[in-house]
*Asks:* 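Have a look at this one before I ask anything.
What's counted below: heavy atoms across the whole structure, side chains too, no hydrogens, waters or symmetry copies. We name chains A, B, ... by the order of the sequence lines, and we start the count at 1 in each one.
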There are 2 protein chains.
Amino acid sequence: MLHGINETLKRNQLSITDSRKKILELFVRASGALAHADIENQSGTEFDRVTIYRTLQTFVEKGIIHTIPTADNSVRYALCKDACTEGHHHDDHVHFMCDDCGKTYCLDHVTVPAVALPKGFQATQTDVIVSGKCMNCA
Amino acid sequence: MLHGINETLKRNQLSITDSRKKILELFVRASGALAHADIENQSGTEFDRVTIYRTLQTFVEKGIIHTIPTADNSVRYALCKDACTEGHHHDDHVHFMCDDCGKTYCLDHVTVPAVALPKGFQATQTDVIVSGKCMNCA
DNA sequence: TAAGTTAATGCAACAATGTTGCAAAATATT
DNA sequence: AATATTTTGCAACATTGTTGCATTAACTTA
């Protein structure tokens, strides 16, 4: 499972570097979504701030991770479910943000409901952000 | 209709000031959502940057406007539909972001579908962000 | 409406976040 | 192993958001 990290990087035509391995590992281990600051904290002073920014950017472009829309102006990233198995990505997502502990969950198994749009609107992607209490805080 | 601005401020126990009137007017006139930068541009150098921040913050607290979750790290605000008629707010929202023109629509009339959450999760609010092409760009 | 009271504004300084160019270092290629 | 390519770290900068405090404006009461 852990050597899947190297393969994920290779599959996406990315050079295998310490920072990319470490950051991708953080995502694999994380139960929820990560903000830039989380990564900066968890990786210590090991990598430059700029490197983290660029790594996240690269991962998003390659579809390894995706951003999660939040109302509070904090950018969060989560592993794309299929990242380690397929290159397919940017599917619809349901995310859950806990008001208590602040954790963000990517609910891969929850189906995104269809939304009835007004005439003339065409949807290409639907994100659902549910907030409330998570299973640990309820 | 325009003097409704003053009444909205009064109803929310806010002093009627130039900045609040102007900024609220911008929202009333705006067809879509506004970012902090939009407001700064459209109001020129009339108000201090800090004042705009604080005004937006106040409006959010009072439920006059609400933030819209976005995946691209830009905070946007939109008028709460009932802001000028009732004090009730913070309902579920469906927002539409156009990939072409970048406009954000607050689809007040679209019902937020129910989401089936995993066991133990309790929802208090649900936001839906649909992206694609709007009625003008489709 | 004039005096006093309360609240909002502007300024300055700061903190956090994100970006860009470029030389040095690491990775990949032959 | 030598060369070519990519990534990193540093420095400097740009943007965005926050806080404290004196000044100013708005509200209240008489």
*Asks:* Using heavy-atom distances to pick each residue's nearest nucleotide on DNA chain D, tell me which of A/Arg20 and B/Arg49 is more 5'.
*Replies:*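 It is A/Arg20, whose closest nucleotide lies nearer the 5' terminus.
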*Asks:* Quick check for you: to the nearest 0.5 Å, what is the distance between B/Leu79 atom CG and B/Ile64 atom CD1?
*Replies:*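 If I round to the nearest 0.5 Å, the distance is 9.0 Å.
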*Asks:* Which dot-bracket string fits DNA chain C when only Watson-Crick or G-U wobble pairs with both atom distances under 3.5 Å count, crossing pairs get [ ], and | stands for a partner on a different strand?
*Replies:* ||||||||||||||||||||||||||||||
*Asks:* Heavy atoms under 4.0 Å, any strand shown: does B/Glu40 hit a base, just sugar-phosphate, or nothing?
*Replies:*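 Nothing, no nucleic acid heavy atom in range.
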*Asks:* Could I get the full list of side-chain hydrogen bond (donor to acceptor under 3.5 Å, both in side chains) partners for B/Lys21, not counting sequence neighbours?
*Replies:*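 Partners of B/Lys21 by the side-chain hydrogen bond (donor to acceptor under 3.5 Å, both in side chains) criterion come out as none, since no residue qualifies.
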*Asks:* Who pairs with A/Thr111 by side-chain contact (heavy atoms from CB on, under 4.5 Å), at least two apart in sequence or on another chain?
*Replies:*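 side-chain contact (heavy atoms from CB on, under 4.5 Å) list for A/Thr111, sorted by chain: empty.
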*Asks:* Pairs under 3.5 angstrom only: tabulate donor-acceptor contacts from the side chains of residues 47-55 of chain A to other protein residues two or more places apart or in another chain.
*Replies:*
| from | atom 1 | to | atom 2 | distance (Å) |
| --- | --- | --- | --- | --- |
| A/Asp48 | OD2 | A/Val50 | N | 2.9 |
| A/Thr55 | OG1 | A/Thr51 | O | 2.6 |

*Asks:* Anything under 4.0 Å to a heavy atom of chain A counts; send over the first and last such nucleotide of DNA chain C, read 5' to 3'.
*Replies:* C/dT17 to C/dA28
*Asks:* Using only atom types and a distance under 3.5 Å, with no angle test, would you say the side chain of B/Lys133 pairs donor to acceptor with the backbone of A/Gln122?
*Replies:* no
*Asks:* Once you round it to whole Å, what is the distance between C1' of D/dT7 and CD1 of A/Ile52?
*Replies:* 14 Å
*Asks:* Report each atom pair, protein N/O against N/O of nucleotides 21-27 of chain D, whose distance is under 3.5 angstrom.
*Replies:*
| from | atom 1 | to | atom 2 | distance (Å) |
| --- | --- | --- | --- | --- |
| D/dC27 | OP1 | B/Ile16 | N | 2.7 |

*Asks:* Can you name the side-chain hydrogen bond (donor to acceptor under 3.5 Å, both in side chains) partners of A/Ser43, sequence neighbours left out?
*Replies:* none
*Asks:* According to side-chain hydrogen bond (donor to acceptor under 3.5 Å, both in side chains), who are the partners of A/Lys22, at least two apart in sequence or on a separate chain?
*Replies:*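 Residues passing side-chain hydrogen bond (donor to acceptor under 3.5 Å, both in side chains) with A/Lys22: A/Glu46.
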*Asks:* For B/Ser131, check side-chain hydrogen bond (donor to acceptor under 3.5 Å, both in side chains) against everything at least two apart and list the hits.
*Replies:*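 In terms of side-chain hydrogen bond (donor to acceptor under 3.5 Å, both in side chains), with neighbours along the sequence ignored, B/Ser131 is linked to no residue.
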*Asks:* Apply side-chain contact (heavy atoms from CB on, under 4.5 Å) to A/Ala78 and list each qualifying residue two or more places apart in sequence or on a separate chain.
*Replies:* A/Ala33, A/His66, A/Ile68, A/Cys106
*Asks:* Among Ile, Leu, Val, Met, Phe, Trp and Tyr joined by side-chain contacts under 4.5 Å, find the other residues sharing a cluster with A/Tyr105 and list them by chain and number.
*Replies:* A/Val94, A/Phe96, A/Leu107, A/Val110, A/Val112, A/Val115, A/Leu117, A/Phe121, A/Val128, A/Val130, A/Met135, B/Val94, B/Phe96, B/Tyr105, B/Leu107, B/Val110, B/Val112, B/Val115, B/Leu117, B/Phe121, B/Val128, B/Val130, B/Met135
*Asks:* In whole angstrom, what separates B/Asp48's CG from D/dG17's C1'?
*Replies:* 13 Å
*Asks:* Hey, does A/Ser19 reach any base, or is it just sugar-phosphate, or nothing, if we go heavy atoms under 4.0 Å?
*Replies:*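 Sugar-phosphate: the residue A/Ser19, judged by heavy atoms under 4.0 Å, touches backbone atoms but no base.
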